[in-house]
Amino acid sequence: MRAAANAGCVHIVGAGLAGLAAAVALARNGRSVILHEAAPHAGGRCRSYFDAELGCRIDNGNHLLLAGNGAALEYLDRIGARSSLEGPSEAAFPFVDAATGEHWTVRPNRGAVPWWVFRAARRVPQTRAFDYLAPLALRRANPSATITAVLDPHARLFRQLWEPLAVAALNTSAEQGSATLFRRMLAETLGRGGAACRPLVPRIGLSESFVEPALARLRMQGGEIRFGARLRALGFGPDAISELAFETGSIALDSADHVILAVPAAIAARLVPGLVVPDRHSPIVNAHFRQSLPAGSPFFVGVVGGAAEWIFRKREALSVTVSAADRFVERSAPELRDLFWRDVALAYRLPTIPVPPARVVKERRATFLASPEQLKRRPQQVTAWRNLLLAGDYVDTGLPATIEGAIRSGFAAAGLAIDRRLEALSGNPGCSRAPVNLTAEI
Ligand SMILES: Cc1cc2nc3c(=O)[nH]c(=O)nc-3n(C[C@H](O)[C@H](O)[C@H](O)COP(=O)(O)OP(=O)(O)OC[C@H]3O[C@@H](n4cnc5c(N)ncnc54)[C@H](O)[C@@H]3O)c2cc1C
């Protein structure tokens, strides 16, 4: 569909997944799009690069997608990159216990009726079918409850399954993490059956799946991409943004133009007066070991009771991820390398020495802290200015800070810019507005 000639230009600031999703959706709709990105590359917190010391390409951090992440898969379809993901043919989550060396695989069945909990071979060893009912209590949790206020932290199933899933999805400890956000995440995945939980990872790298094909599609559809364009300030008119001031120069906006601000929360708060955003962050530590394994070995393994939490098999590396990694951020890279390798060796049945060359990457502000208090600070996407929209994993998507959340926010911002519902919604000062349907089809 082509837009009317006077539909105006949409300036998208920030080429992370939220900005890319918005840009791809708008260009597909025939809107004129300019994507401004401060860095010399796109992808933000989800990208790949060549590590000269390791001599191979690595991802900034391991990212796991599930087949139920509908917006992310829709985005990959639109940029023609869905086939760049791979994963096991069914929902299968291999685990190893670092203390006992025991291996097991959790295998939810495809359908929504969870008969898998009645099969010992499909569930966590030494647990009973009845134990799997515990998360039902999350439905009654009030918005200020943490996960451990609702689920018993001493239960075997909590330590072997619920806690690893919660920490990975929320990037927040179970003691601090929001029970309602964890419930939402479970409802969108395990609650819909194994078909929605099938794990997916990029065959080559994050950029090859999520970034490069999007830039190519955008260029093909006439979108313009400006790298090295850091937005310094917004010019505010009485009810609309009038100017974008970049370090390299300013752009005056026409009355039909829109701005989608898809920068991280802290930057958005600096640019938009009065904007309240999550202001506490949680780190993720990754360690990439230069080690190739045969194609048949597991795509990933979860580690319980160790230092590593999840280990991913990449083409040229074995890669460790630790979420909510406050306990590791101050420790030295050589120390972490030795500590994590013990778990990698156990998980993939490799020798403990020699330890292969490794790159340790600490993302101190990987995502916002998904605590009940911080969730209250997530803003809506519409603002007090009729032509200014927010996108990013931190806006109020109802999801944790994830690829799925970022892409949903990008699609929703594009939908708002397209159908001009924005005008109908604008008029009240402040940043909190009537909830917007984040799943708007565009
Ligand atoms: C190590 C790590 C592991 C993760 N693992 C997972 C996972 O397994 N599964 C999952 O779903 N999610 C995971 N995530 C979360 C996921 O990566 C993020 O939620 C998502 O990438 C956020 O996208 P975004 O577009 O909202 O923000 P960003 O990626 O931060 O994009 C913002 C962009 O704005 C640009 N920018 C900033 N300031 C300006 C300015 N003034 N002017 C112009 N441009 C500007 C930045 O350079 C950046 O490109 C992980 C994140 C990290 C860091």
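Bear in mind that the values here come from a model prediction, so they are computed numbers and not experimental data. The figures here come from the full heavy-atom set of this structure, side chains too, leaving out hydrogens, waters and symmetry mates. Positions are given from 1, in the same order as the sequence printed here. Read the numbers this way: they start at 1 and go in the same order the structure lists the ligands and their atoms.
In this comparison of Pro264, Ala38, Ser409, the heavy atom closest to atom 37 (C) of ligand 1 sits on Pro264. For atom 43 (C) of ligand 1, the candidate residues are Ala168, Ala229, Pro40; the nearest heavy-atom contact is made by Ala229. Of the candidates Leu231, Leu66, Asn69, Leu231 brings a heavy atom nearest to atom 40 (C) of ligand 1.
Within the 4.0 Å heavy-atom criterion, the part of Val13 lying near ligand 1 is the side chain and not the backbone. Here Thr402 has heavy atoms under 4.0 Å from ligand 1 in both its backbone and its side chain. Both the backbone and the side chain of Asp393 come within 4.0 Å of ligand 1, counting heavy atoms alone.
Remark: ligand 1 atoms within the under-4.0 Å shell around heavy atoms of Gly44 are 29 (O), 48 (C), 49 (O). Proximity to Asn286 (heavy-atom distance under 4.0 Å) selects the following atoms of ligand 1: 1 (C). Proximity to Ala262 (heavy-atom distance under 4.0 Å) selects the following atoms of ligand 1: 32 (C), 33 (C), 34 (O).
A heavy-atom distance below 4.5 Å is not found between the side chains of Glu208 and Arg203. Between Glu224 and Leu218 the shortest side-chain heavy-atom distance does not fall below 4.5 Å.
Once rounded to the nearest 0.5 Å, the distance linking CG of Leu190 with CG of Leu161 reads 7.0 Å.
Residue Arg45 has at least one N or O atom closer than 3.5 Å to an N or O atom of ligand 1. Considering backbone and side-chain N/O atoms, Thr367 never comes within less than 3.5 Å of an N/O atom of ligand 1. Checked against a 3.5 angstrom limit, the closest N/O atoms of Glu37 and ligand 1 fall inside it.
The side-chain tip of Arg82 does not point at the ring of Tyr75 from less than 6.0 angstrom away and within 45° of straight on. Under the 6.0 Å distance and 45° angle rule, Arg57 does not count as a cation-pi partner of Phe50.
The protein non-hydrogen atom at the shortest distance from atom 34 (O) of ligand 1 is Gly14 CA, 3.4 Å. Here the protein heavy atom with the shortest distance to atom 2 (C) of ligand 1 is Ile284 CD1, 3.5 Å.
For Arg327, the CZ atom is densely surrounded, since the number of other residues' heavy atoms within 6.0 Å is greater than 12.
Between Trp341 and Phe289, the ring planes are tilted. Angles from 30° to 60° get that label.
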What pairs of donor and acceptor atoms, side-chain ones from residues 239-246 against any protein atom, are under 3.5 angstrom apart with sequence neighbours left out?
unit_1, atom_1, unit_2, atom_2, d
Ser242, OG, Gly235, O, 3.3
Glu243, OE2, Ser250, OG, 3.1

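Using a 4.0 Å cut-off between charged side-chain N and carboxylate O, Glu188 and Arg408 make a salt bridge.
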